[in-house]
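The block underneath contains the structure these notes are about, expressed in structure tokens.
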Amino acid sequence: PPAVAARALTKVYGEGDARVHALRGVDVSFATGAFTAIMGPSGSGKSTLMHCLAGLDTATSGTVHIGDVELTGLGDRRLTQLRRERIGFVFQSFNLLPTLTAEQNIRLPLDIAARQADEALFDRVVDTVGLRDRLRHRPSELSGGQQQRVAVARALIGKPQVIFADEPTGNLDSRSGAEILSFLRTSVRELGQTIVMVTHDPVAASYADRVVFLRDGELVTEVAAPTPETVL
Ligand code: ADP
Ligand code: ADP
């Protein structure tokens, strides 16, 4: 099966006159090892789609599979377990714990799962994202860009099968953004990971193998082997 698949996915927020159809029957799948970008105007449903795919939000109807597991049928405990074992997240708002250092934040998913870190991978990730001399700093002592790097490192450290990233380079200058995106792309290839990334940035999207476009809650088009020009 694909690493992630959605069938006839709909999401309605609110009730009565306030109803918003955020997703209107989305069919999409993400092959194992693929790096896909989701683009589309603000309000087109990108975040909602990602949250539903990642099991962070419940769709109104339709199905989501992570590998051979169907999310809608899972209880909270099994869903949490599946997220911990198989999924890495990079949120727009970082979601770092303020009382922990950068290193503790990066290692947190492993600590929660009582798993040993792959120390060689830890070193490689920390050096690539440029945090070597910031490991003992707390989030409040880091710039926005540095906090974003911590969030990226934290998502990679457990070698999850699937990484969901919401604007992972939105707070970085273009050079550090490019470093992190090429690292993500390499990591996908080496470890066979699957990445689903929401972005507004055509340059960021051009690192993906495929770009899918949402508009008004529907998947309207897709581009294979994107370049910054073909996804503008
Ligand atoms: P995007 O990520 O593409 O900007 P979103 O998925 O955030 O789009 O939003 C899609 C639509 O759903 C928008 O019209 C938005 O206003 C609405 N929406 C998103 N989250 C909520 C929510 N929690 N309650 C009500 N409406 C929401
Ligand atoms: P980045 O490109 O990683 O976002 P910036 O150019 O924003 O970094 O910041 C440059 C340096 O200034 C950083 O190395 C960081 O140590 C420091 N810095 C920036 N913002 C903050 C902050 N809010 N608190 C503490 N230090 C900061």
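In listed order, ligands and their atoms are each counted from 1. Throughout, residue positions are numbered sequentially from 1 according to the sequence presented. The figures here come from the full heavy-atom set of this structure, side chains too, leaving out hydrogens, waters and symmetry mates.
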* To do: State whether the number of non-hydrogen atoms from other residues, nucleotides or ligands found under 6.0 Å of D216 atom CG is greater than 12.
  =>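 No, because the 6.0 Å sphere around CG of D216 holds 12 heavy atoms or fewer from other groups.
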
* To do: Please indicate whether R132 has more than 12 foreign heavy atoms, meaning atoms of other residues, nucleotides or ligands, lying under 6.0 Å from its CZ.
  => yes

* To do: Would you check if the side chain of R19 reaches a backbone N or O of Y13 as a donor-acceptor pair within less than 3.5 Å?
  =>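 No: the side chain of R19 does not pair with the backbone of Y13.
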
* Asked: For the atom pair CZ (F89) and CZ (R83), what is the distance rounded to the nearest 0.5 Å?
  -> 5.5 Å

* **Neighbouring protein residues of ligand 1 - any heavy atom closer than 4.0 Å** =>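 Shell around ligand 1 (4.0 Å, heavy atoms): Y13, V20, A22, P41, S42, G43, S44, G45, K46, S47, T48.
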
* Asked: Mind checking whether L181 and V223 sit in one hydrophobic cluster, side chains of I, L, V, M, F, W, Y counted as touching below 4.5 Å?
  -> no

* **Short side-chain donor-acceptor distance under 3.5 Å, S206 and T227** => no

